[in-house]
Amino acid sequence: MAKKKWGQNFLKHQSVADSIVQAANVQKGDSTLEIGPGYGKLTQILLNQDAFVTAIEIDPKLCLKLRQKFEKEENFTLLEMDVMEMDPNNLAELMHHPAKLVANLPFNIATPLLLKLLPVRNTWQSLTIMVQLEVAERICATPESGKTYGPLSLVGTLGFEKKIVKIIPPDCFFPAPKVDSCVIHLIPRNSSLTLEEEKRFLKWSHLLFQQRRKTLINGIRMHFPEWYQNCNDILREKYGLRRPESLDFDEWMDLFISFKRSKKNKSL
Ligand code: SAM
């Protein structure tokens, strides 16, 4: 019986599992991490590629099956754990670097996991993950994408080069989820901010995105009154009358630099 609370929607088709491993470009000797191996469909392909596989599975019953299935595989390590309980630094230390993360993720952890890995993203060579289509669209969205563009899109661009690989319909899983899924390939990239500043940038932009249809100057006045007082005319003219949903990533960064420079601002 698949457990809903653990997002257990298992892959039915070999071809879909193959396409995930292909998108991850897994080569012989690669160090890979699989989160949620389930019955091991993806795991088997990774092992067939002669990759080293560390797998983290929360369900004890599945762990039992996986241990039996891969008993003779020297390149396979299984951790019976909740990945969300793990310190992301410890997660990275488990791996030979740079490692590739390859996973058909349970829907409920995709976004929190991405946020968790963001500060340690440089320890990963790539992340090739199956997520809910809507989440993939949010990660990859730009202002032109409409309502999918939001805080998660800024996380996506801040930390990664992104590519939508393939949309996978519900009937490719058992049990079938209610919505489409999508494989995305993410390659970590550096931003111009320190890790501490990245954290502030995400918190700050999240607040300003809350009134996505109001003008930015409204949001600034509401959330950052000191900054509002010090906002110069250029800033008001350049961004004040725009809506948060219309600013692309570079414009958000430009605005953040102005926020950082605003000396009196102590609100974040
Ligand atoms: N990889 C398998 C496949 O493609 O058929 C299973 C994918 S299924 C979408 C998600 C898997 O993640 C399940 O095996 C589930 O038990 C496991 N899982 C769910 N939450 C987890 C967590 N917090 N930590 C580790 N594994 C988790």
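Indexing begins at 1, ligand by ligand and atom by atom, following the structure's order.
Contact annotation: the side chain of M86 approaches that of I56 to within less than 4.5 Å [non-hydrogen atoms, C-beta and beyond]. Counting heavy atoms from C-beta outward, L79 and L94 have side chains that approach closer than 4.5 Å. Side-chain contact between E34 and V102 is absent, with no heavy-atom pair separated by less than 4.5 Å. Residues L216 and L247 meet the side-chain proximity criterion, which asks for heavy atoms closer than 4.5 Å. Side-chain contact check for Q211 versus H223: some heavy-atom pair is nearer than 4.5 Å. Residues I217 and R236 meet the side-chain proximity criterion, which asks for heavy atoms closer than 4.5 Å.
For ligand 1, the polar-atom distance check against D82 finds a nitrogen or oxygen pair separated by under 3.5 Å. Checking only distances, M84 never comes within under 3.5 Å of ligand 1, N or O to N or O.
The protein non-hydrogen atom at the shortest distance from atom 19 (C) of ligand 1 is W6 O, 3.0 Å. P37 O, 3.3 Å is the protein heavy atom nearest to atom 2 (C) of ligand 1. Here the protein heavy atom with the shortest distance to atom 24 (N) of ligand 1 is V83 N, 3.0 Å. What sits closest to atom 3 (C) of ligand 1 on the protein, heavy atoms only, is N104 ND2, 3.6 Å. Among all non-hydrogen protein atoms, the one lying nearest atom 20 (N) of ligand 1 is P106 CG, 3.6 Å. Among protein heavy atoms, atom 12 (O) of ligand 1 sits closest to G36 CA, 3.1 Å.
Ligand-side atoms of ligand 1 in range of L11: 3 (C), 4 (O), 5 (O), range being under 4.0 angstrom from any heavy atom. Interface atoms of ligand 1 facing G7, defined by a heavy-atom separation under 4.0 Å, are 8 (S), 9 (C), 10 (C). Numbered from 1 in the order shown, with element, the atoms of ligand 1 that lie under 4.0 Å from a heavy atom of I56 read 25 (C), 26 (N).
Using the six-membered ring where Trp is involved, W227 and W204 have ring planes that are tilted, between 30° and 60° apart. Ring geometry for F174 against F10 counts as tilted: the plane angle lies between 30° and 60°, on a 0 to 90° scale.
Looking at E34 against ligand 1, only its side chain comes within 4.0 Å, counting heavy atoms. Counting heavy atoms under 4.0 Å from ligand 1, residue L62 touches it through the side chain alone. With a 4.0 Å cut-off on non-hydrogen atoms, A103 does not touch ligand 1 at all. Counting heavy atoms under 4.0 Å from ligand 1, residue I58 touches it through both backbone and side chain.
Around atom 14 (O) of ligand 1, the closest heavy atom drawn from K41, E57, Q8 belongs to E57.
Because its NZ or CZ atom is not both nearer than 6.0 Å to the ring centre of F76 and within 45° of the ring axis, R67 does not count as a cation-pi partner of that residue.
Annotation: Y149 is in aromatic contact with F209 [ring centroid separation under 6.0 Å].
Using a 4.0 angstrom heavy-atom cutoff, M81 counts as in contact with ligand 1.
L193 and V120 fall within a single hydrophobic cluster, where Ile, Leu, Val, Met, Phe, Trp and Tyr are joined by side-chain heavy atoms under 4.5 Å apart, directly or via other members.
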